[in-house]
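Since the structure comes first, as structure tokens, the remarks are kept for the end.
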Amino acid sequence: MKRILYSGGSVVTGDRVADAVLEYASELARQESSDTLQIPSVNDVGTAGHTQLLLGPASQFIVEEVESSADDPTDAELVESIREKTAHLQAPKPVASTDLTDYPDIDDTTEVPDPPLADA
């Protein structure tokens, strides 16, 4: 498990959740944007619950590993959702087209018309 420390407090959550939150917070900061997330968490006595986080350009987090006898709070759907939000904020990556119909076949001969003769 990992503890996310922020100004004024901390929250303990699963490794994958903490990693996804940190990556998302970083991308939100680059975009000068914000969002709120509700993540699974464990309190100091080991009781499972949820914590709501506000992520924004001024968010500053430290993430550290912690040992606990409590079950690792995780939510695979939440992690996937956070990763999709992060990817949506990132610049699109170019993808090579597999449609080659717009390109001429390099083996075809191309007829070039004779240039007009200049008047002498």
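The analysis underlying the following values was restricted to heavy atoms, covering all of them including side chains, and did not include hydrogens, waters or symmetry mates.
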Separation between [atom1] of [X] and [atom2] of [Y], rounded to the nearest 0.5 Å:
| X | Y | atom1 | atom2 | result |
| --- | --- | --- | --- | --- |
| Leu37 | Gln52 | CG | CD | 8.5 Å |
| Ser59 | Leu28 | OG | CG | 8.0 Å |
| Glu84 | Tyr24 | CD | OH | 11.5 Å |
| Glu27 | Arg30 | CD | CZ | 4.5 Å |
| Ser10 | Lys2 | OG | NZ | 15.0 Å |
| Ser26 | Phe61 | OG | CZ | 11.0 Å |

Does [X] use its side chain to pair, donor to acceptor, with the backbone of [Y] at less than 3.5 Å?
| X | Y | value |
| --- | --- | --- |
| Thr86 | Ile82 | yes |
| Gln31 | Leu89 | yes |
| Thr13 | Pro40 | yes |

What are the two closest non-hydrogen atoms of [X] and [Y], and how far apart are they?
| X | Y | answer |
| --- | --- | --- |
| Asp72 | Asp15 | OD1-N, 3.7 Å |
| Val79 | Ala20 | CG1-CB, 4.3 Å |
| Gly56 | Ser34 | CA-CB, 3.8 Å |
| His50 | Ser41 | C-OG, 3.6 Å |
| Arg16 | Arg83 | O-NH2, 4.1 Å |

Are [X] and [Y] connected, step by step, through hydrophobic side chains (Ile, Leu, Val, Met, Phe, Trp, Tyr) whose heavy atoms are closer than 4.5 Å?
| X | Y | value |
| --- | --- | --- |
| Leu22 | Leu55 | yes |
| Leu78 | Val21 | yes |
| Val17 | Val11 | yes |

- Query: For Tyr6 and Ile62, what are the C-alpha separation, side-chain angles and deciding distance, and is it a side-chain contact (heavy atoms from CB on, under 4.5 Å)?
  - Reply: CA-CA 7 Å; Tyr6 53 92; Ile62 296 173; over 6 Å; no
- Query: Leu5 and Glu64: side-chain contact (heavy atoms from CB on, under 4.5 Å), yes or no, with the steps?
  - Reply: CA-CA 8 Å; Leu5 297 113; Glu64 64 182 8; 3.6 Å; yes
- Do other residues, nucleotides or ligands put more than 12 heavy atoms under 6.0 Å from Gln90 CD? yes
- Task: Would you mind reporting whether Pro73 and Met1 have side-chain heavy atoms less than 4.5 Å apart?
- Result: yes
- Task: Take Leu53 and Ile39 through the side-chain contact (heavy atoms from CB on, under 4.5 Å) test and state the conclusion after the steps.
- Result: CA-CA 8 Å; Leu53 299 174; Ile39 63 169; 3.7 Å; yes
